[in-house]
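For reference, the structure is listed below as structure tokens.
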Amino acid sequence: MDETTSYPPIEPSNFDLIVVGTGLPEAILAAAASAAGKSVLHLDPNPSYGTHYASLPLNEFNSYIESQTSSNPPISQPDIDSGFTRVPLGTRPVYSSAEIISYSSESLEESRKFNIDLSGPRVLLCADSMIDLILKSEVNQYMEFKSIDGSFISDGEGNLENVPDSRSTIFKDRKLSFTEKNQLMRFFKLVQGHLEVAAGGGGGESGESKSISEQDLESSFVEFLSKMGLSPKLKSIILYAIAMADYDQENGDVYRSVLKTKDGIERLALYHSSVGRKFLHNCLNLTGGEGFSAEMPEKLKTESANQLIGHSS
């Protein structure tokens, strides 16, 4: 059977906007356009929602990675009769190259109980502006939130340790030395004092003694943490578990962007203000089989479709 006849015709045939791809940016664009009363055609040549925001079970993860390596993209062909350019909808590779290394020949027995986010784990802090956007767009009616029960960080040897992100958890953490606990408490006290001065617009000698200097704020966050005398373990906790920095901030050959101290302080403030907000814990994620990265585009697509139905009825 001819593949062109195996699909039903699309009605209507004219649209105000055609969006290719179901990643988060494309889903937001389609939902916003449909909410504004525009007709939207949303397409994706991939077999799953989310593009590189997708979440996949382990048994599908390897095959997806292999299928998404570099390949020659299809070439657009001009249509002389119509005067338009025909754009072929092909699968665009997400990665330029990929290497899969397996540490075990045996499949994980529990692998069907979790998914892997292609873009990395994504959670929402309760005080993040994204929460307000979700509520304003009414996408939240298609979603269910679940508070994060705990945060962990690898010690570099494959072991997971709790993230001490509050005064009580710092003192209860048995894997932190007495010196590390004091270092962490002094650092958080310094940050709190700086934020209080910045919020109050305070100046004078007392304000200057509590605030972090402009020179330090413009320096890299990892340099500032080293200047504060924090141990490598504490620096990793602050950088990657609380401030959620991308890339290895101490490896110049790896990172693409350096997290400045002023941005790191803002992330710590966001994390702190998210703790205990309403009935939720410090972080949010979506319940169900898929994480935020894949779930959010799909729910935005649902909102877009419902907006279109409402405008047409």
Side-chain angles (χ1 to χ4, degrees), residues 103 120-128 147-199 206-255 257-277 280-285:
Y103 292 96
R122 291 291 181 269
V123 294
L124 286 179
L125 294 173
C126 296
D128 196 286
S147 60
I148 299 298
D149 296 325
S151 301
F152 302 88
I153 189 170
S154 173
D155 62 359
E157 298 179 357
N159 301 313
L160 295 178
E161 298 183 3
N162 283 306
V163 175
D165 54 5
S166 66
R167 182 187 297 269
S168 60
T169 56
I170 290 174
F171 283 110
K172 291 179 181 179
D173 197 320
R174 297 182 178 180
K175 294 188 178 181
L176 289 179
S177 66
F178 180 76
T179 301
E180 287 177 324
K181 291 181 180 180
N182 284 333
Q183 289 177 337
L184 203 54
M185 289 299 298
R186 285 199 301 268
F187 174 75
F188 285 148
K189 186 177 181 179
L190 172 65
V191 172
Q192 182 179 3
H194 172 79
L195 293 173
E196 288 176 352
V197 172
S206 60
E208 291 178 0
S209 63
K210 292 182 179 181
S211 62
I212 301 172
S213 68
E214 287 296 327
Q215 182 178 357
D216 286 334
L217 290 174
E218 292 298 325
S219 66
S220 68
F221 198 26
V222 65
E223 291 178 358
F224 179 70
L225 296 178
S226 298
K227 182 179 179 179
M228 293 295 100
L230 299 181
S231 66
K233 177 180 179 179
L234 295 183
K235 287 194 294 184
S236 295
I237 290 173
I238 295 172
L239 279 171
Y240 307 112
I242 300 179
M244 298 185 184
D246 293 327
Y247 310 107
D248 185 348
Q249 295 291 304
E250 297 186 277
N251 188 346
D253 297 330
V254 175
Y255 63 69
S257 60
V258 179
L259 181 65
K260 291 186 177 182
T261 301
K262 62 179 181 181
D263 298 322
I265 296 299
E266 289 180 359
R267 295 189 183 188
L268 295 184
L270 175 63
Y271 190 98
H272 175 73
S273 60
S274 298
V275 175
R277 182 181 179 184
L280 301 170
H281 190 50
N282 58 317
C283 295
L284 292 175
N285 204 345

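For the numbers below, each heavy atom of this structure counts, side chains included, while hydrogens, waters and symmetry mates do not.
Applying the side chain to side chain donor-acceptor pair (under 3.5 Å) rule to E218 yields the partners K260, K262; only residues at least two apart in sequence or on another chain are considered. The salt bridge (charged side-chain N to carboxylate O under 4.0 Å, His left out) search around K233 returns E161, not counting sequence neighbours. Under the side chain to side chain donor-acceptor pair (under 3.5 Å) criterion, S168 pairs with S166, not counting sequence neighbours. When the side chain to side chain donor-acceptor pair (under 3.5 Å) test is applied to S236, no partner is found at least two apart in sequence or on another chain. In this structure N162 satisfies the side chain to side chain donor-acceptor pair (under 3.5 Å) test with no other residue, sequence neighbours excluded. Residues passing the salt bridge (charged side-chain N to carboxylate O under 4.0 Å, His left out) test with K227 are D216, sequence neighbours excluded.
Shown here for A241 and I153, the closest heavy-atom pair between the two residues is CB-CD1, 4.3 Å. Residue Q183 comes nearest to S231 through the heavy atom pair OE1-N, 3.8 Å, listed as atom of the first residue, atom of the second, then distance. Across all non-hydrogen atoms, the minimal contact from M185 to I170 is SD-CD1, 3.6 Å. The heavy-atom pair separating S274 from A127 by the smallest distance is OG-N, 3.0 Å. Contact record, A243 with L268: N-CD2, 4.3 Å, taken as the closest heavy-atom pair. A pairwise comparison of heavy atoms in I242 and P164 identifies CD1-O, 4.5 Å as the closest pair.
Rounding to the nearest 0.5 Å gives a distance of 13.0 Å between CG of L125 and NE2 of H272. Note that CG of L190 and CD1 of I212 are 4.5 Å apart. Values are rounded to the nearest 0.5 Å. With rounding to the nearest 0.5 Å, the separation of CG in D173 from CD in E180 is 9.0 Å. Taken from CE in M228 to CG in L184, the straight-line distance is 13.5 Å, to the nearest 0.5 Å. For the atom pair K175 NZ and K181 NZ, the distance stands at 13.0 Å (nearest 0.5 Å). The structure places CZ of F188 at 11.0 Å from CZ of R167, a figure rounded to the nearest 0.5 Å.
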Legend entry - S226 and K235: CA distance, side-chain angles, deciding distance, side-chain contact (heavy atoms from CB on, under 4.5 Å) verdict: CA-CA 8 Å; S226 298; K235 287 194 294 184; 2.9 Å; yes
Inset, instruction - Please lay out, stage by stage, how Y240 and D248 fare under the test side-chain contact (heavy atoms from CB on, under 4.5 Å). - result: CA-CA 9 Å; Y240 307 112; D248 185 348; 3.5 Å; yes
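Side-chain atoms of V163 and T169, non-hydrogen and from C-beta on, never get closer than 4.5 Å to each other. Taking the side chain as every heavy atom from C-beta outward, L239 and F221 approach each other to under 4.5 Å. L259 is not listed as a side-chain neighbour of V222, based on a closest heavy-atom distance of 4.5 Å or more. Using a 4.5 Å heavy-atom threshold, the side chains of H194 and L217 count as touching.
Just one residue in the list L234, N182, L225 forms a side-chain contact (heavy atoms from CB on, under 4.5 Å) with F187, and that residue is L225.
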